[in-house]
J.: 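Structure in C-alpha cells, see below.
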Amino acid sequence: MSEISPRAEVSPKAKIGANCKIFPFVYIEDDVVIGDNCIIFPFVSICNGTRMGNNNKVHQGTVISALPQDFEFHGEKTECIIGDNNIFRENVVVNRATHTGGQTVLGNDNVLMEGAHISHDTKVGNRCVFGYGTKIAGDCMIEEGVIFSSSVIENAKTRVGKGSMIQAGTSFSKDVPPYIICTRKQEYGGVNMQVARQHGIDEKVLKHIANAYRLVFHGKTSLFDAVNQIEEQVPDGPFIRHIIEFLRATEVGIINK
C-alpha cells in the first residue's frame, strides 16, 4: 500500500503503484500512471499524460508532463514517458509532446539536477546526467550515457551521441557525435576517454575511435568524404559502425564542421 498524504491533491482516477510515498502539497491529475516505489516530494505537479515507471524520486517544485511550450500545441492528448530509477531534483520541468500520439521519453537511471528542462517530443536514453540549469529544446534526441555539465543549452532538433560530454555553458545547434567532448565553443575537444571506458571500450578500439574523429575534424574534407575515409581506413567494429551511422543520419550537420 502506498503512503499518500491527506494534504496531497491526487485524482482518484490516477493510478498509483505499490509502496509509493506522496508528500503533502503534491498535485496529481487524472490521466497519470505512477509505478511502484516512487517518492514524490512536496510541491510537485504530475500532469495528464504521465506514464512513470518504478523507483523514481521527484523532488520539490518539479513539473512532470507540463503542457508543451510550443505554438503548434492546441490541446491534443499526448504523453510523457518516464522509465525507472530516475532522479528529478528541485524545479525540473519535463514537457509532454505536442501532437496527438506524440511522446516525450526519458529512459532509466537518469539524473536531472536542479533547474533542468526537457522540452516536448525529446527522446532521452539511459544513464544520462543533466547538470544545473541545463535546457533541452524540443524534438531532440539524446543517446545513453551523455553528460551535460551545468547551464548547457541544446537547441531544437539536434542529437547527442552516446557517451559524449557537453562542457558547462555550451549552447549548440548541431549534432554532437558519440564518445566525444563538446567544448564551450562548440568544438571537438577529443574523445571522452573516461566515459568511453565505462561503456566497455578497450584501448585498441579507443585508438580507432580517435582515428575516426581525426579524419572527421582534422581532415580537410567534407563530412561525407570523411565518413567514406573512416570506412576505408579504420578497422570495422560495433562502435565504429555506430559512429558512421550517427554521422550519416545527421540533418543539421555536426559541431565544428
J.: Per the ring-ring contact (aromatic ring centres under 6.0 Å, His included) rule, what does the pair list look like for residues 117-170, sequence neighbours excluded?
T.: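 Found Phe130-Phe148.
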J.: Tell me who clusters with Val33, hydrophobic residues only, linked when side chains sit under 4.5 Å apart either directly or through other members.
T.: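 Noted: Val33 shares its cluster with no other residue.
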J.: Of all residues at least two apart in sequence or in a different chain, which pass the salt bridge (charged side-chain N to carboxylate O under 4.0 Å, His left out) check with Arg51?
T.: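 Asp31, Glu79.
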J.: Does a donor on one side chain sit under 3.5 Å from an acceptor on the other, for Ser11 and Asp30?
T.: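 Side-chain D/A pair, Ser11 to Asp30: present.
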J.: Apply side chain to side chain contact (heavy atoms under 4.5 Å, CB included) to the pair Thr62 and Val93, showing each step before the final yes or no.
T.: CA-CA 6 Å; Thr62 288; Val93 176; over 6 Å; no
J.: Can you list the other members of the hydrophobic cluster that holds Phe25, where links are side-chain heavy atoms under 4.5 angstrom apart?
T.: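 Its cluster mates, by chain and number, are Phe43.
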J.: Are Tyr188 and Leu223 linked, directly or through intermediate hydrophobic residues, by side-chain heavy-atom contacts shorter than 4.5 Å (ILVMFWY only)?
T.: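 Yes; tracing contacts between hydrophobic side chains, which count when under 4.5 Å, links both residues.
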J.: Apply the hydrophobic cluster definition, ILVMFWY joined by side-chain contacts under 4.5 Å directly or through others, and give me every member besides Tyr27.
T.: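 Besides Tyr27, the hydrophobic cluster comprises nothing; the residue is isolated.
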J.: Rounded to the nearest 0.5 Å, how far does OG1 of Thr183 lie from CD1 of Ile166?
T.: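 Rounded to the nearest 0.5 Å, the CD1-OG1 separation comes out at 9.5 Å.
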J.: Without hydrogens or angle criteria, can the side chains of Asp121 and Thr104 be said to hold a donor-acceptor pair below 3.5 Å?
T.: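 Note: Asp121 and Thr104 side chains miss the donor-acceptor criterion.
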J.: Looking only at side chains, do Asn110 and Asn86 share a donor and an acceptor under 3.5 Å apart?
T.: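 Their side chains do contain a donor-acceptor pair, which is all the 3.5 Å distance test asks for.
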J.: Scan for salt bridge (charged side-chain N to carboxylate O under 4.0 Å, His left out) pairs involving residues 225-247, sequence neighbours excluded, and state none if there are none.
T.: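 Output for this query lists Glu231-Arg248, Asp236-Arg241.
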